[in-house]
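Worksheet: the structure to be examined is printed underneath.
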Protein chains: 2
Amino acid sequence: MLELAVLGFLYDLPLHGYELRKRISALTGHIKPVAESTLYPAIKRLEKGGLLARETQPGSGAAPRHVLTLTPAGRAELRRRLAEPAEGEISDENRWFTLLAFLRHLEDPRAQAAVLQRRLDFLSRPTSFFYEGDRPLRAEEVEDPFRNGILTIARATSRAELAWLRRTLASLHAAAGD
Amino acid sequence: MLELAVLGFLYDLPLHGYELRKRISALTGHIKPVAESTLYPAIKRLEKGGLLARETQPGSGAAPRHVLTLTPAGRAELRRRLAEPAEGEISDENRWFTLLAFLRHLEDPRAQAAVLQRRLDFLSRPTSFFYEGDRPLRAEEVEDPFRNGILTIARATSRAELAWLRRTLASLHAAAGD
DNA sequence: TTGCAATACATCGGCACCGATGTATTGTCT
DNA sequence: AGACAATACATCGGTGCCGATGTATTGCAA
């Protein structure tokens, strides 16, 4: 999730770590804050993997800035991660949102549609948080008001997202000329 | 999140690790699968902390079962974690849902209401995933269809959850005689 | 002028998580 | 008879995450 965000933001333009941190905080910070002690090692990892290069730029701020630029390998890697997301990227809303935030970088509407389709398939599978044996329970069958809330909210989210997915898939298919 | 689920399930009745795993998988497994190699160390941790006790029960299955029971300290700890959740439990939907799944164990409707109120406050804060300077952008202002989707879906979820929160808070206050 | 917040980076130790792998038994399908 | 899934636990190495802490500068407010 973190690495995807780093690659995603740098795909647009080179940034230094601190600026990157502010952008990631704005994107997902209200849900799950990003610690500096997580970001800087992540940058180092990506650098060691040849996905980004750093150029030290003195002046302007306090400590010398390290401006980070994606290498061609880094650009390819972002596109790969967007086109072939792990199952967790599809099922976990937090990670899915991060992926969505950068999906435009995939350019090919067919590839974008394929990713949305995976999320649609996931949301279409009949799953619940609560079961009676193997049978998923509906909200109406759950007496506990808090567990009922989980199902009520999840259903509303699912409905809204499915509608959006279908709408967006239609316009992507139109764009691709299908 | 994992520890909370363990404590939550055992609050109802003693279970062995394997059964615990199945219940946790049913609860959150479709979002984020739980690995055995994460569960067993977590059980050990809680045991070492004096929150649960294990009783070896031979027979029945394959390997001898370790039936896990919450100690009084474990029961108190669950109530404490439910009553005083960390900020991440409030902001992260996955963790919030886990908390909701066991909030009934808190019994006192006033304490339950206080927790729901924290979530309501969080959802009421004007935040976005995208900003222009400091100003949060509305869905209508975001051209990228995927980022627009994030805001559209988040708004629908938020609306549904706020309605549920207000409804449930009202009935909790009624139950508490406020 | 003293102090604090913001800018900008970095390290370290502890710990949680996970995939891989191992052990052993029961039940079922072929 | 043999294969395989399910039951039931456990360990180990690698790695990512995080809080605490450190360094150094700029700029604003008390």
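Throughout, a chain's letter reflects where its sequence line sits, starting with A, and its residues are numbered from 1. Because the structure is predicted, anything quoted here is derived from the model rather than measured.
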Between P of C:dT7 and CG of A:L39, the distance in whole Å: 15 Å
Phosphate contact (D:dC9 OP1 or OP2) by B:Y40 side-chain N/O below 4.0 Å: yes
Separation of atom CG in A:N94 from atom P in D:dC17, rounded to whole Å: 14 Å
Protein within reach of the bases, or only the backbone? For nucleotides 13-19 of chain C, mark each nucleotide 5' to 3' as B, S or -, using heavy atoms under 4.0 Å. ---SSBB
Distance check needed: D:dC18 P versus B:D92 CG, whole Å only. 11 Å
Does a sphere of radius 6.0 Å around CD in B:E141 hold more than 12 heavy atoms from other residues, nucleotides or ligands, not counting ones at 6.0 Å or beyond? yes
Below 3.5 Å, can you tabulate the donor-acceptor pairs from side chains in residues 34-41 of chain B to any protein atom, sequence neighbours excluded?
none

Output every pair passing side-chain hydrogen bond (donor to acceptor under 3.5 Å, both in side chains) with a member in residues 107-116 of chain A, not counting sequence neighbours, ordered by first then second residue. A:R110-A:D178
With A:R138 via salt bridge (charged side-chain N to carboxylate O under 4.0 Å, His left out) - residues at least two apart: A:E140
Quick note, side-chain hydrogen bond (donor to acceptor under 3.5 Å, both in side chains) partners involving residues 16-29 of chain B, not counting sequence neighbours, are B:E19-B:R23
Paired stretches of DNA chain D - 3 or more consecutive Watson-Crick or G-U pairs, each distance under 3.5 Å: C:1-30 with D:1-30
Listed partners of B:R54 passing salt bridge (charged side-chain N to carboxylate O under 4.0 Å, His left out), at least two apart: B:E47
Spell out, as yes or no, whether a donor-acceptor pair under 3.5 Å connects the side chain of A:T56 to the backbone of A:H66. no
Rounded to whole angstrom units, what separation is found between the CD1 atom of A:I43 and the P atom of C:dT11? 12 Å
Check the distance between D:dG16's C1' and A:R95's CZ and give it to me in whole angstrom. 12 Å
Under 3.5 Å donor-acceptor pair, B:E36 side-chain atoms to D:dC9 base atoms: yes
Without decimals, in angstroms, what is the distance between A:E47 CD and C:dA10 C1'? 13 Å
Using the test side-chain hydrogen bond (donor to acceptor under 3.5 Å, both in side chains), find all partners of A:S128 that sit at least two apart in sequence or belong to another chain. none
Holding to side-chain hydrogen bond (donor to acceptor under 3.5 Å, both in side chains), I want the full list of residues that pass it with B:E89, two or more places apart in sequence or in another chain. B:R95
In whole Å, I'd like the distance from the NE2 atom of A:H66 to the P atom of D:dT23. 18 Å
Partners meeting salt bridge (charged side-chain N to carboxylate O under 4.0 Å, His left out) with A:R125 (sequence neighbours left out): A:E87
For A:F9, check ring pair (Phe, Tyr, Trp, His ring centres under 6.0 Å) against everything at least two apart and list the hits. A:F102
side-chain N/O B:R54 vs D:dA10 OP1/OP2, d < 4.0 Å: yes
Residue-level proximity of residues 9-30 of chain B to DNA chain C when a heavy atom falls under 4.0 Å: none
Short side-chain N/O contact to D:dC9 OP1/OP2 from B:K44, under 4.0 Å: no
